[in-house]
Amino acid sequence: MNTFEELGLSQPMLETIQKMGFEKPTPIQAKAIPKLLEDNTDLVGLAQTGTGKTAAFGLPLIELVDIEHKIVQALVLAPTRELCLQITKELNAFSAHNSKMSILAVYGGADIIKQIKTLKKGVHIVVATPGRLRDLIKRKAIRLNEVDFVVLDEADEMLNMGFKEEIDEILEQTPDEKLTWLFSATMPPDVRRISKEYMSEPFEISVRGQQIANKDISHQYISIYPSERTEALKRFLDFDPASFGLVFCRTRRDSKDLADQLMKDGYNADALHGDLSQSQRDRVMERFRRRQIQVLVATDVAARGIDVSDITHVFHFNIPDDLAFYTHRAGRTGRAGKKGISLILMHPNDGHLIRRLEKTVKINFEKATIPTGREICELQVLNYVRILKNAEQSDELTDFLPTILDELKELSREEVIERLAALSFNRFLAKYRHAPDLNKNRRERSKSRDRNAPMKRFFINIGRIDVENKGQFLSILCKHGKISGSSIGKIDMNRNFTHFDIEESVANKLKDNFKKVSLAGRDIRLDESEPRKDKDNFKKFKKKKKKGGGSGGSNWKNKKKKRF
Ligand code: AMP
């Protein structure tokens, strides 16, 4: 079926959804709507967000509710407050032609007394989280004995979140002859059990992966090692000062750590994850909605149903474990006709996952380029200059103008402009002066550094006996020297000392910062040494040794032979 007219919806409803911009039914709507309108049937829909499932159950629900009968006739259960609000918003939109329809969202963390008062006035449809609904039942604030329809939305997620008991208790309270419509992205045994226990011969529909393609989202990826992921993310944020973004992480810990790091580096960031209480989550969401937070770092579960308009970027700090989550994450941007970017920061070994994602969700991904330090500095200074150009002039400043002009009289127009621009430029230049091009892999970068940047060689009294490997050595240098690992070149490590190359431009900084460093109670000595012997010198050295010129090398070998 290709049109909504063929599905059996009423004329006023057809007009309402047409006004909402729905042109033709999605596969789940085409299958579910006629069935739910005509047959008294239970339903199991294997579908996730983005398939149009809310309208698949919502449109029939609005049509079937008896508007003259102001009692709870339909119950929709959803895992999170955000999803409850989103469903309620959509159901309200579907009933725009019917002002008498009363739909109430009830969820934890909000004022229960207010919810009880509204329930007392009488509502037709309740959209609830299981925990809060159970509380209301216990307080005898809601009666479910006249419920004709129960919708379990995102059933797998509700069970994942530990709402098993609540769901059982709630369903026990509803009449046996009600109809149950269950939607779930996956079908784990617990969801099967619910469908077996509470439903009879449900009509089954599966539309996994058939998401509504949103042409306003540009899907992109970059290939980056985990050690440089945060840096790459910051580059995208710096490159687009007006960005308003959501970053998805796999675990609570990752999202907290990333948000902390971003805050430490001066970004307006915060985290949203399951370790927060409902009221803490609400506070974070409120600040995000008001744009007091520019980047919200969230886990998949906590971000379910986030409905904030104007999100410009969705960053996937890693590819989701379940590829089906990708569309759900990406769907937070590109809303209401606005353009959005969904960008995966992919591990270089995960190219096959992008190809699999392209096949399963039928999306084409583009490889993005990570902004370079130079590009960011250029963009930021232009941005600043534009702000300067458009700044509002103040009459009150007129009195001070002669003094200001006098103060600046030695500077030409160009000099004033240059200095003003430098105010913004220098801040970013300091941050990005030595920033490597993250689009190149490390080998390419070190090659180009060998070619371009002048290097110095240093001796340090840290060797193999002190550290486990060169990585650990490098991190000691970076941490105490306050330099970036990319400024370090070749490292030659010996038993109790090491020689290494470092870019000349940061050599003094390293020396200064290492003046008072001690490790395990031992003072660390850092001295400049002779430049590294190049390969030709090394070959000559080896030849000399063959002729019997060398000394230490053969001794060492002999010793080793003796020992074994
Ligand atoms: P859902 O999967 O129910 O979360 O829906 C995803 C988004 O698609 C929501 O913003 C809906 O308003 C929108 N939507 C649902 N059905 C249609 C349709 N037939 N045509 C266009 N947009 C739709």
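Both ligands and their constituent atoms are indexed starting at 1 by order of listing.
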| query | Taking atom NZ of K89 as the centre, does the number of heavy atoms from other residues, nucleotides or ligands within less than 6.0 Å exceed 12? | reply | no
| message | Would R291 pass as a cation-pi partner of F244, given that its NZ or CZ must be under 6.0 Å from the six-membered ring centre and within 45 degrees of the axis? | response | yes
| request: Give yes if a backbone or side-chain nitrogen or oxygen of G21 is under 3.5 Å from a nitrogen or oxygen of ligand 1, and no if not. | output: no
| task | Select the closest option to atom 14 (N) of ligand 1 among F94, F183, F22, F57, judged by heavy-atom distance. | result | F22
| request: Report yes if some heavy atom in the side chain of I112 is under 4.5 Å from a heavy atom in the side chain of L136; otherwise report no. | output: yes
| Any N or O of T54 closer than 3.5 Å to N or O of ligand 1 | yes
Distance-only check: which donor-acceptor pairs under 3.5 Å involve side-chain atoms of residues 40-47, not counting sequence neighbours?
| residue | atom | partner | partner atom | Å |
| --- | --- | --- | --- | --- |
| D42 | OD1 | T180 | N | 2.7 |
| D42 | OD2 | S200 | N | 2.8 |

| task | Could you establish whether M20 and ligand 1 come within less than 4.0 Å of each other, counting only heavy atoms on the residue side? | result | no
